[in-house]
Amino acid sequence: MIEYRPILQADLHGVIELSTAAGGTSLAKDPERAWRALSAPGVTTIIAIDAGEIVGYAQMQSDGAIQAHLSSIVVAENRRRQGIGGRLI
């Protein structure tokens with residue numbers, strides 16, 4: 001069963017691995033900066049975990065009142081088309 005929850009700093013390595021596997025490079029370049037970007041005020045990052053493995057994440061930015069924007073969404077290639085991305089949003 002997949003668990004959806006806000007990111008914790010302990011999840012950062014798994015998120016970076018997932019991002020890198022999907023072709024992303026910016027998070028892996030500087031993990032400290034990546035953590036700040038994923039957890040900054042106004043940012044919400046939700047992860048999807050299945051059997052202890054991070055299989056997806058979504059990063060959103062919001063002004064807290066009117067607008068929210070999806071900044072990034074990644075789902076592991078072998079877990080796509082299972083509704084994980086939609087549930088992350």
Side-chain angles (χ1 to χ4, degrees):
M1 185 167 155
I2 299 175
E3 173 190 1
Y4 297 88
R5 63 165 174 78
I7 191 172
L8 303 173
Q9 193 160 8
D11 303 317
L12 181 60
H13 180 73
V15 168
I16 289 173
E17 284 184 348
L18 184 60
S19 175
T20 301
T25 59
S26 62
L27 295 182
K29 287 181 182 178
D30 186 344
E32 288 181 26
R33 186 181 79 166
W35 175 248
R36 289 192 308 270
L38 294 170
S39 63
V43 174
T44 300
T45 303
I46 303 295
I47 61 171
I49 304 171
D50 190 21
E53 177 185 1
I54 297 175
V55 296
Y57 75 91
Q59 177 192 25
M60 295 148 272
Q61 299 176 17
S62 174
D63 62 14
I66 298 172
Q67 298 182 49
H69 304 275
L70 180 62
S71 300
S72 179
I73 186 165
V74 177
V75 175
E77 189 171 355
N78 66 335
R79 301 304 301 271
R80 294 179 184 164
R81 309 219 32 96
Q82 298 176 26
I84 295 170
R87 288 186 194 100
L88 282 165
I89 296 171

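Every heavy atom of this structure was used, including side-chain atoms; hydrogens, water molecules and symmetry mates were not. This one's a predicted model, so the numbers in the text were calculated from it and none came from an experiment.
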For [X] and [Y], which heavy atoms make the closest approach, and how far apart are they?
| X | Y | answer |
| --- | --- | --- |
| R80 | A22 | NH2-CB, 4.3 Å |
| I66 | D63 | N-OD1, 2.7 Å |
| P31 | I16 | CB-CD1, 4.0 Å |
| A48 | L88 | N-CD2, 3.9 Å |
| V43 | A37 | CG1-O, 3.5 Å |

> Can a donor-acceptor pair be found between the side chains of Q59 and S71 at a distance below 3.5 Å?
Replying inline: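 No, because no side-chain N or O of Q59 sits under 3.5 Å from a partner of the opposite role on S71.
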Reported [atom1]-to-[atom2] distance for the pair [X] and [Y], which is rounded to 0.5 angstrom:
| X | Y | atom1 | atom2 | result |
| --- | --- | --- | --- | --- |
| I7 | I49 | CD1 | CD1 | 9.5 Å |
| M60 | Q67 | CE | CD | 15.5 Å |
| I2 | R87 | CD1 | CZ | 6.5 Å |
| L18 | E77 | CG | CD | 11.0 Å |
| D11 | W35 | CG | CH2 | 7.5 Å |

>> Could you go through Q82 and V55, starting from their C-alpha distance and side-chain angles, then the distance that decides it, and tell me whether this counts as side chain to side chain contact (heavy atoms under 4.5 Å, CB included)?
In response: CA-CA 11 Å; Q82 298 176 26; V55 296; over 6 Å; no
> Does atom CZ of R81 have more than 12 heavy-atom neighbours, drawn from other residues, nucleotides or ligands, at distances under 6.0 Å?
Replying inline: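 Check fails, neighbour count at 12 or below.
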> With distance as the sole test, does T45 use its side chain to make a donor-acceptor pair with the main-chain N or O of L38 at under 3.5 Å?
Replying inline: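 Confirmed, T45 side chain pairs with L38 backbone.
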> Is there a chain of hydrophobic side chains (I, L, V, M, F, W, Y, each step under 4.5 Å between heavy atoms) that links V75 to Y4?
Replying inline: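 Yes, V75 and Y4 fall within the same hydrophobic cluster.
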> Should V74 and I46 be counted in the same cluster of Ile, Leu, Val, Met, Phe, Trp and Tyr side chains packed under 4.5 Å apart?
Replying inline: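 The answer is no; the residues belong to distinct hydrophobic clusters.
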>> What verdict does the side chain to side chain contact (heavy atoms under 4.5 Å, CB included) test give for I54 and E17, after you've listed the backbone C-alpha separation in whole Å, the side-chain angles of each residue and the deciding distance to 0.1 Å?
In response: CA-CA 9 Å; I54 297 175; E17 284 184 348; over 6 Å; no
